[in-house]
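Order of listing sets the numbers, starting from 1, for every ligand and every atom in it. From a predicted model like this one, the values you see are computed outputs, not experimental measurements.
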Amino acid sequence: MCGIIGYIGSENAVPIIVDGLKKLEYRGYDSAGLAVYSGGGFEVVKRKGRLQALESEIEQNPIKGFAGIGHTRWATHGEPSNENSHPHLGHQNKIAVVHNGIIENYKQLREKLEAGGIKFTSETDSEVIAQLTEYYYKGDIMETVIKVVNRLEGSYALGIMCIDEPDALIAIKKDNPLIIGVSDHGQFIASDVPAVLKHTNQVHYPNDKEIAVLRKGSVQFFNLDNEPIQKTPETITWSFDSAEKGGYPHFMLKEIMEQPKVLQDTFQSAANTGDNKPIIDSLDFTRFNKLVITACGSAYNAGVVAKNVFERLCGITVEVELASEFRYKDAVVDDKTLVILVSQSGETADTIAAMREAKSKGAATLSVVNVIGSTIAKESDFCVYTAAGPEIAVATTKAFSAQLVLLYILAIRFAVQLKKLSPEAERELLAQIKALPEKANDILKQVDLIQQYASTCVGCKSIFFIGRNIDYAIALEGSLKLKEISYIHSEAYAGGELKHGTISLIEENTLVVAISNCKRLYDKIMSNVEQVISRGAKVLLIGNCPAAGANETDKKLSVIELPETNELFSPSLSVVALQLFAYFVAANKGLDIDKPRNLAKSVTVE
Ligand code: M6R
């Protein structure tokens, strides 16, 4: 939920840390801070609010150092304030710590330290790490860190510096992301790869409880018995440009526009599996009698779309569960169940917990993940990577689209194994998926039309999204996208459900977005459209079978026409129009689209 970064090397750490924090700000933006070692001790700057506040402070009162750590915060324990910002220091200012995660036993640890006379200066759980480290420190930082992590319960990615050992920067993780970057001018720690891409594409992915000791010219790894571990860095193929806005006003718009390429790349790389994993073709789908898809937020919505596709192609029942529910519901899964985990970050706490729960019950786990080397990618039995590249905007767009493509392809593979598809049918379906990038591109060409329509919706208090079957599944994503970035209340309903209660919310000029790509259900959804129009609603109809029969002269009805495709893959086209609609409504309201209030991209807490 928070972002951490650290640098030790031959260059001034301050601009490197600030620049890295910019790339991590999507992880939290309640406050930011940094500490550098500057000869005599730590220079610390912390500011509540966006990173800009920290930058301004540093511009006015410049500081310098060749080793430092920084943090961007999504508040959990304690309000956003300067005091609660990281880095936290020990009571004698000897130790500085940045932390991403939650220390579950912080109260007990804090009480004990306070009873010994140590004064805390913040309300955070994280400060206890700095205080405890300083309390234990007797001249050997490695020994101290081992002692500290043996006392911590919860999750953490930590950057630690000690004033008595200024030539070392220590990092360790448990259940939260941490990468170690290696460059010719220095070494880095970070929560995510884009923070270091400007300097290096050589990155280590430490496992839980492996300690990294970074020095100006080296990185060493140790286990908790202080024994050295050998690790080889991986080469990152993401380009530096992929984590830049490239002239667009927001990352979200850039990422929407990148989708044709992402669809194509994901289609082409669909056979690639996570490192050291068995290839996906070795997964014998015929041994399962149950398929569960579990995820959170948009990734869950991708699962709802996929349920429609798997059920239609494979003829099996598929359960889709919110990971936050699955983990606590005593799920009925066993060794005949395949559990598919969908996650852009691969670090979502609820999805990780759902995966571990499924594994503990003997289920096979297959993950669809975007971030290489992430916890879910590593721990699942099988992993396929979406080729979306780094996604920076908090609202997911291109990663969602890539998830859909991989899930379609998995459904086709499994249907082939189950002998539900002939080779011709398989070829035809794959050809339809292959054609999606060009069709998505055609929708992007309608950007002006969508922008124009969105500009009329800025004052809406509530917007409803309706659809039937797979159109309903993608309506869920359209609604989520709109509400998270525009702060307009919105709900998605199955068209047939309106009459069971929701229709009472329709008033004069309430906006209803109707999605229509299922030819066989066209009349049904159109009758829902007429029902809401006759009660005063205005309707935006999005789909590939919208025009016939629709009275376009009716001022209450507007149409965005989508290219034809197989009904099963139509969500990949609907979603592009829905994303653009949400984006432009929010843009017209002048909102901070890439960093919506209260949200963070990677939700590593419960
Ligand atoms: O990284 P994940 O895909 O596991 O994240 C899941 C959700 O937190 C994420 O999709 C969230 O709903 C997005 N903000 C939606 O745009």
Side-chain angles (χ1 to χ4, degrees), residues 1 3 26-29 74 100 175-177 191-194 250-253 255-256 259 262 293-306 320-327 339-355 365 367-380 383-386 388-404 406-407 474 476-487 490 492 575-576 578-583 586 591-606:
M1 269 337 235
Y26 71 86
R27 302 178 64 85
Y29 28 89
W74 189 82
N100 170 34
D175 294 339
N176 265 321
S191 299
D192 200 357
V193 169
H250 298 101
F251 278 109
M252 183 176 175
L253 186 58
E255 289 164 2
I256 291 172
Q259 287 179 113
V262 166
I293 304 175
T294 184
C296 301
S298 291
Y300 168 84
N301 295 339
V304 181
V305 171
V320 190
E321 295 274 3
L322 292 164
S324 52
E325 290 295 306
F326 181 92
R327 63 183 293 189
V339 176
I340 299 184
L341 306 133
V342 188
S343 177
Q344 187 284 130
S345 62
E347 299 293 350
T348 300
D350 286 321
T351 314
I352 292 174
M355 171 183 66
T365 51
S367 63
V368 174
V369 172
N370 193 44
V371 176
I372 295 163
S374 55
T375 304
I376 295 174
K378 275 191 194 157
E379 284 189 27
S380 52
C383 166
V384 279
Y385 283 123
T386 45
E391 190 179 63
I392 310 294
V394 165
T396 181
T397 52
K398 60 177 182 170
F400 175 85
S401 288
Q403 287 162 357
L404 289 187
L406 272 190
L407 289 164
I474 202 62
L476 293 169
E477 177 60 6
S479 169
L480 177 60
K481 212 82 310 177
L482 180 86
K483 74 181 95 168
E484 73 177 319
I485 59 167
S486 74
Y487 314 149
S490 135
V575 80
V576 177
L578 292 167
Q579 292 162 349
L580 284 171
F581 174 68
Y583 172 81
L591 296 173
D592 191 352
I593 293 176
D594 286 337
K595 300 183 198 93
R597 68 183 177 210
N598 304 336
L599 291 174
K601 184 146 189 81
S602 190
V603 187
T604 54
V605 295
E606 262 199 84

Would you give the length of the straight line joining atom [atom1] of [X] to atom [atom2] of [Y], rounded to the nearest 0.5 angstrom?
X: Lys601; Y: Ser191; atom1: NZ; atom2: OG; answer: 14.5 Å
X: Thr348; Y: Tyr300; atom1: OG1; atom2: OH; answer: 15.5 Å
X: Gln344; Y: Ile376; atom1: CD; atom2: CD1; answer: 10.5 Å
X: His250; Y: Leu591; atom1: NE2; atom2: CG; answer: 9.0 Å

>> What I'd like to find out is whether the side chain of Lys481 reaches to under 4.5 Å of the side chain of Thr396, using heavy atoms alone.
In response: yes

Looking only at protein heavy atoms, which one is nearest to [atom], and how far off is it?
atom: atom 9 (C) of ligand 1; result: Ser298 N, 4.0 Å
atom: atom 3 (O) of ligand 1; result: Gln344 N, 2.6 Å
atom: atom 4 (O) of ligand 1; result: Thr348 OG1, 2.4 Å
atom: atom 1 (O) of ligand 1; result: Ser345 OG, 2.7 Å
atom: atom 6 (C) of ligand 1; result: Cys296 O, 3.3 Å
atom: atom 14 (N) of ligand 1; result: Glu484 OE1, 2.9 Å
atom: atom 8 (O) of ligand 1; result: Val603 CG2, 3.9 Å

Within the side chain of [X], is there an N or O that forms a donor-acceptor pair under 3.5 Å with the backbone of [Y]?
X: Tyr583; Y: Met252; result: no
X: Thr294; Y: Glu321; result: yes
X: Asn370; Y: Ala399; result: no

Closer than 4.0 Å to some heavy atom of [X] - which atoms of ligand 1 meet that?
X: Ala395; result: 16 (O)
X: Ala299; result: 3 (O), 10 (O)
X: Lys481; result: 15 (C), 16 (O)

> So which bit of Glu347 gets within less than 4.0 Å of ligand 1, heavy atoms only: side chain, backbone, both or neither?
Replying inline: neither

>> side chain to side chain donor-acceptor pair (under 3.5 Å), that's the test. Do Tyr26 and Asp192 meet it? Break it down for me.
In response: CA-CA 11 Å; Tyr26 71 86; Asp192 200 357; 2.2 Å; yes

> Going by distance only, is there an N or O of Val394 that falls short of 3.5 Å from an N or O of ligand 1?
Replying inline: yes

>> Is there a polar contact, in the sense of an N or O pair closer than 3.5 Å, between Thr351 and ligand 1?
In response: no

